[in-house]
Amino acid sequence: MSHLPEAALIFHEDPGPGTGRRAPRADFVSDAPRLPLNGRWRFRLSGTADGTGPSLPDPGLDDTGWDTIRVPSHWVLEGHGDPLYTNTAYPFPIDPPHLPDQNPTGDYRLRFDLPPTWPSGRSVLRFQGVDSCGTVWLNGELLGHSKGSRLPFEFDVTDVVRPRGNVLAVRVQRWSSGSYLEDQDMWWLPGIFRDVELLSRPEGGIDDFTVRASYSAGTGALLVTSDTPGLVEVPELGIAVPTGQEVVVGEVEPWSAEHPRLYRGTLRAAGETIALAIGFRTVEITGGRLLINGAPVLFRGVNRHEHDPDRGRSLDRETMIRDIELMKRHNVNAVRTAHYPPHPEFLRLCDEYGLWVVDECDIETHGFIYSGWEGNPPAEPRWRDALLDRIRRMVERDKNHPSVVIWSLGNESDSGSAFADIETWIREHDPTRPLHYERDPSYRHSDFYSLMYPSLDDLERIGQRKEETPSDVVAGSPDDVRRRGLPFLLCEYAHAMGNGPGSLVDYQVILESYERFCGAFVWEWIDHGLAAVDEHGRRYYRHGGDIDYQPNGERYCLDGLLFPDRTPSPGLLELRKAIEPVAITVEGSSVVVVNKHDFATLAHLGFRWLVEVDGVRVAAGMLSVPECAARSEVRVPLPDAVDAPAQDAAGAVSRLASSGGETWLTVEAVLAEDTRWAAAGHVVAWGQTRLGPGTPARPKAHQPHAVASHRDGTVSLGNATFDSRTGRLTHLGKLALDGPTFDVWRAPTENDHGQGPRNALAADWQAAGLDRFLHRTGPIEHPDPHTLVVHGRSGPATRTLGFRTTCTYRWQDGALHLLVEADPVGDWDDTAYGHLTLTPPRMGTRWSLPGGYTDVVWFGRGPGESYADSRAAARAGRFAGSINGMQTPYLVPQENGNHVETRWLELSGPGLPTLRVDGAPHLDFTARRWTSEALQAARRPHDLADSGRVWLNLDHGQQGVGSASCGPALPERYRLEVRRYSWSMTLTVVRGS
Ligand code: GAL
């Protein structure tokens, strides 16, 4: 056996991409034998790059005392060391291409035999992903080395592998020169984390081939080229041609994300048959627009990292399918593989389920921002090979997927001459797909203008091709002119961190308004929380700040539309509504159905309608919607029966005496048949319209009750009892309660915190003291015998600012009517602490109720939470939920569970009187077992303890959620100005009193 050459020890610091590897080639499924080498391997972790030393490859080494580890996996998630999370920072000194001596290194060993049937031809050992690099030996022979964590590499082992007793050894350094090119905002997760396999390459087999299947005006053309001549057969199309011969196919159905039509066939050579899944489609940029199959497309996309809370980036096929099903069910039609090529199986699944893919290369050098970009690899010749190597491995691996429509050169790596070389290489090897790169302001190597997180106003200007010239570009220069002519791809927007993102509908309206846009990708798909168990055995999700390591990116990895366990967050439900491919509205006596698909008609959808009065169904039916082409609309008369329920409604109204009268028509577009990703009946889109004025029916007003003062220090008004000193309501019938407390606070959301010092609203609020108002009860008056007025003033210590409040109560018709008025006082303009105009996050009242309340029924928007700028997914209707179930368990506790436009709500609990609150006309409400302060103080959802009381917020409203944790400030219109507010409500005890 050969001993570890000295050079092997410094492989990991060599900026070169690797040694000994085979040329990159397509990933495909063939009938050639394949031996998976996944399973339990021997493993030992050492503290430095030398690992266990030079004996690792020695077949005779006794490794029986080593641990075993699952392959594929990340060793830091298998009990060896810690995962680390940084956003932009390198977790090692910027000293390229060197790495510190402290370099945890995993040595792996596997013994394997070949199956008796293993053919005698060539054998290839393939690694689909090793983070950050691997040096590989088989039977003591050094095969080579490779970097590029999320890309495959192969060695020809024909002359080394033997029928029995093979010993495969792999040394994996956590840090390598490759790490300088992999500074994506994500966990650093070392290890052999994708499949390892031995592939038989039969005599007369095909090593590599390229499928070019184009589509134009109803017809397709097919050209398959391969390194070994073979026969291409697509029986369905009657094709049987040798490789290298272009076939004009005639009429075919094109492939699209909406209709992922694949033609199955084979590529057969003497020694091997390869399965083909051909999708005919043509991607082009014409007239400043992206066209696919000749038609404009709009990506309704997400940025997807590979993430699983237990397995990190080592995903199984079921999880990939789960992601795709969830995307399709939420109207997502496109994925940017942020920020590296995914497991190849994911792309096969995208071909089959139908998703447009922007395939992004494993290149990000963001941390050079801390050297002022000095030494940035794309600008340094010595890194050229490594960068090109990554591009070649991506393009060659993924070139045959119809789903891949754009190559993205990488993420956030500034600029440099390597991008010109990359561009030249791709254009030469794959002229069929446009290129995307966002971070070079010249956009010379990109076919798209692209940005992250623009404001709505900026996006609007971009749509009009009137954007400001980027700062590094000369106005009117060729770059400036060229960029303005490019289509625009919004590669990241709507930062889904915590509660949010807001404004999804606002963005979508703009994206659908200008031809320049080809779509947008929300940041990001899933929270990267890693499963952990605390000292009490409670499961929680770790973020960067939970690991004792500096620097770390703290909670910034928790910014997805899915919680780590893949439960959809309210943000995903809002996205589904904002991007729905069918818009349904009512104009006059017609239902207007707009088909926003780029290719599909509406034939795959059924339309059902439903009329509800005060949330109670009174009529329903199916709507017959005629044929409607993509990007067009049809008008359908309102169902005849819609008038009839209006009469029914009168009856219904009288039954729902205290509140009724609002009539709503809901029309839903549902899948007519089962699909691969959802069952028939799945709701794709919906629209709602309020029919008629719907004045709430209220009983006639009777003479109000008079206020009475009592010797025990109470004041009564009808059924209500107040403390005569504080003016607080203490009883409503038999219900003992306490309130209202004037309250402008909410537990800050991640977006309220902003991004560092940018848009740090929560810091300003706290500096001004909006979280610590003190209250003074002013005079309590009876301006007339029927009215009780409680004055007050609320504001923080040390400041003049605050609100003067007036609560006016009347008892009439068996209910307590409350008008709350709040007038700003003092100096709100003193922005000594802050950088934005100070505005309160909330304008509300807080009430304390017995902890025995369990359930809420309400009529308003629901069933999920809603906010001023994130409310499209919440329908008008009648909803029921438990208080416990109304809490959204954001991984970092923060404001949640609000409901805008609530007409009324009823709070009930065993043995307790039911409290009913009617808004006049609307209220925002939240109901919790803890206060906003406790919500704010908790570090994790399980820190939230039942306070023994129920805290009910009955509010005028609160500001929107926005997405300022990365991106623009919350638009002014979603903030609460400092002005006079007034809102009303009626409190009743409806049962049990
Ligand atoms: C972008 C970056 C993403 C992520 C995001 C913030 O700049 O491309 O990887 O860091 O910001 O979460």
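This is a predicted model, so every value here is computed, not measured. Atoms within a ligand are numbered from 1 in the order they appear, just like the ligands themselves.
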Which heavy atom of the protein is the closest neighbour of [atom], given with residue, atom name and distance?
| atom | value |
| --- | --- |
| atom 12 (O) of ligand 1 | His495 NE2, 2.7 Å |
| atom 4 (C) of ligand 1 | Asp185 OD2, 3.2 Å |
| atom 9 (O) of ligand 1 | His339 NE2, 2.6 Å |
| atom 5 (C) of ligand 1 | Tyr453 OH, 3.4 Å |
| atom 7 (O) of ligand 1 | Glu412 OE2, 2.5 Å |

Over all heavy atoms of both residues, which pair between Gly148 and Glu182 is shortest? Give the atoms and the distance, please.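 Of all heavy-atom pairs spanning Gly148 and Glu182, the closest is CA-OE2, 3.5 Å.
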Nearest heavy atoms of Trp187 and Arg313, plus distance in Å: O-NH2, 2.9 Å
Please determine if [X] has a nitrogen or oxygen closer than 3.5 Å to a nitrogen or oxygen of ligand 1.
| X | answer |
| --- | --- |
| Arg439 | no |
| Glu492 | yes |
| Trp523 | yes |

Does NZ or CZ of Arg939 come closer than 6.0 Å to the centre of the six-membered ring of Tyr540, within 45° of the ring's axis?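 Arg939 over Tyr540 ring: no.
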Please name the residue in the list Arg304, Arg329, Lys328 that meets the salt bridge (charged side-chain N to carboxylate O under 4.0 Å, His left out) test with Asp323. Arg304
Flag for Glu750-Tyr890: side-chain donor and acceptor within less than 3.5 Å: no
Would you sort out whether Asp457 and Arg461 count as a salt bridge (Lys or Arg N to Asp or Glu O under 4.0 Å), showing the intermediate values? CA-CA 6 Å; Asp457 292 344; Arg461 278 190 283 275; 5.5 Å; no
